[in-house]
Amino acid sequence: MKNAIERFAALSQETRLKAFRLLVQHEPDGLPAGEIARQLSVPHNTLSAHLSVLSQAGLVISQRQSRSIIYRADLSHMRETIEFLARDCCGGHAEVCESLLPALDDSSPLPNNQ
């Protein structure tokens, strides 16, 4: 439960949510921090703080490549969080959450305001 709370808290800020969504869109290659800042129109130092929060929550991972740091979404931790919610909130009654599963498998993108 603690991990789920930390992950949702990290995503509850608009810039961090946008950064996470951008990284998901660029899986599996990821993006350098400078490119994330450019695409989101966020100052580098501000973005660094946001990426740090996402990293501490287990939502992004970073790897140094030459002079750049490449950030990637940690989809395994997001999947773990979604599975936790589905199991926990359904209280052992899979039929309650059954209608959610097709939506999770749908590969169509969400509208920008969601």
Side-chain angles (χ1 to χ4, degrees):
M1 187 172 300
K2 181 179 182 265
N3 288 338
I5 291 169
E6 288 176 2
R7 290 173 188 157
F8 284 116
L11 294 172
S12 69
Q13 198 277 341
E14 184 176 355
T15 302
R16 290 193 294 266
L17 180 58
K18 285 180 179 180
F20 183 74
R21 290 180 71 193
L22 182 63
L23 290 172
V24 169
Q25 292 167 7
H26 285 85
E27 274 298 302
D29 299 325
L31 287 172
E35 181 61 18
I36 300 168
R38 187 189 68 74
Q39 288 195 33
L40 297 180
S41 300
V42 175
H44 291 268
N45 60 340
T46 301
L47 179 67
S48 178
H50 288 306
L51 290 172
S52 177
V53 170
L54 290 169
S55 179
Q56 289 173 4
L59 293 169
V60 300
I61 53 177
S62 61
Q63 181 178 13
R64 181 168 291 282
Q65 288 184 359
S66 183
R67 295 179 59 185
S68 296
I69 297 178
I70 306 299
Y71 287 88
R72 295 185 48 232
D74 190 332
L75 299 180
S76 66
H77 283 150
M78 180 51 77
R79 184 177 302 109
E80 179 184 285
T81 303
I82 292 168
E83 288 173 357
F84 162 77
L85 285 176
R87 280 193 308 274
D88 189 62
C89 295
C90 294
H93 301 285
E95 67 278 4
V96 174
C97 294
E98 197 170 281
S99 64
L100 295 175
L101 298 178
L104 294 175
D105 289 334
D106 185 5
S107 62
S108 60
L110 290 173
N112 283 333
N113 61 351
Q114 291 191 5

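These numbers come from the heavy atoms of this one structure, side chains and all, not from hydrogens, waters or symmetry mates.
Minimum interatomic distance between Leu11 and Leu17 (heavy atoms only, all atoms of both residues): O-CB, 3.6 Å. Across all their heavy atoms, Leu51 and Ala33 have their closest contact at CD1-CB, 4.4 Å. Summarising the geometry of Ala19 relative to Ile36, their closest heavy-atom pair is CB-CG2, 4.4 Å, with the distance given to 0.1 Å. Contact record, Ile70 with Asp29: CG2-O, 3.5 Å, taken as the closest heavy-atom pair.
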Test side chain to side chain contact (heavy atoms under 4.5 Å, CB included) on Leu75 and Val24; report intermediate values, then the result. CA-CA 8 Å; Leu75 299 180; Val24 169; 3.8 Å; yes
Please report the C-alpha distance between Met1 and Ile5 in whole Å, then the side-chain angles of each, then the deciding distance to 0.1 Å, and finally whether the side chain to side chain contact (heavy atoms under 4.5 Å, CB included) criterion is met. CA-CA 6 Å; Met1 187 172 300; Ile5 291 169; 4.0 Å; yes
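Every residue meeting the side chain to side chain contact (heavy atoms under 4.5 Å, CB included) condition with Ala10, not counting sequence neighbours, appears here in chain and number order: Val53, Leu54, Ala57, Leu59. For His44, there are no side chain to side chain donor-acceptor pair (under 3.5 Å) partners, not counting sequence neighbours. Shown here are the salt bridge (Lys or Arg N to Asp or Glu O under 4.0 Å) partners of Arg38, two or more places apart in sequence or in another chain: Glu35. Every side chain to side chain contact (heavy atoms under 4.5 Å, CB included) that Ser62 has, sequence neighbours left out, goes to Ile69, Tyr71. Residues that satisfy the side chain to side chain contact (heavy atoms under 4.5 Å, CB included) test with Ser48, not counting sequence neighbours, are absent from this structure. Under the salt bridge (Lys or Arg N to Asp or Glu O under 4.0 Å) criterion, Arg16 pairs with no residue, sequence neighbours left out.
Here the side chain of Arg72 pairs a donor or acceptor atom with the backbone of Pro28 at under 3.5 angstrom. Of the possible donor and acceptor atoms, one in the side chain of His77 sits under 3.5 Å from a partner among the backbone N and O of Gly58. With hydrogens and angles disregarded, no donor-acceptor distance shorter than 3.5 Å links the side chain of Ser55 to the backbone of Ser52.
With a 4.5 Å cut-off on side-chain heavy atoms, Glu27 and Leu23 do not count as touching. Within the 4.5 Å cutoff, the side chain of Thr81 has no heavy atoms near those of the Asn3 side chain. Counting only heavy atoms from C-beta outward, the side chains of Gln25 and Gln39 never approach each other to under 4.5 Å.
With rounding to the nearest 0.5 Å, the separation of NZ in Lys18 from CG in Leu40 is 7.0 Å. Considering NZ of Lys2 and CZ of Arg7, their distance stands at 10.0 Å, rounded to 0.5 Å.
Annotation: Gln65, atom CD; neighbour count of heavy atoms from other residues, nucleotides and ligands within 6.0 Å is above 12.
When the side chains of ILVMFWY residues are joined at heavy-atom separations under 4.5 Å, either directly or via intervening members, Val42 and Val60 end up in a single hydrophobic cluster.
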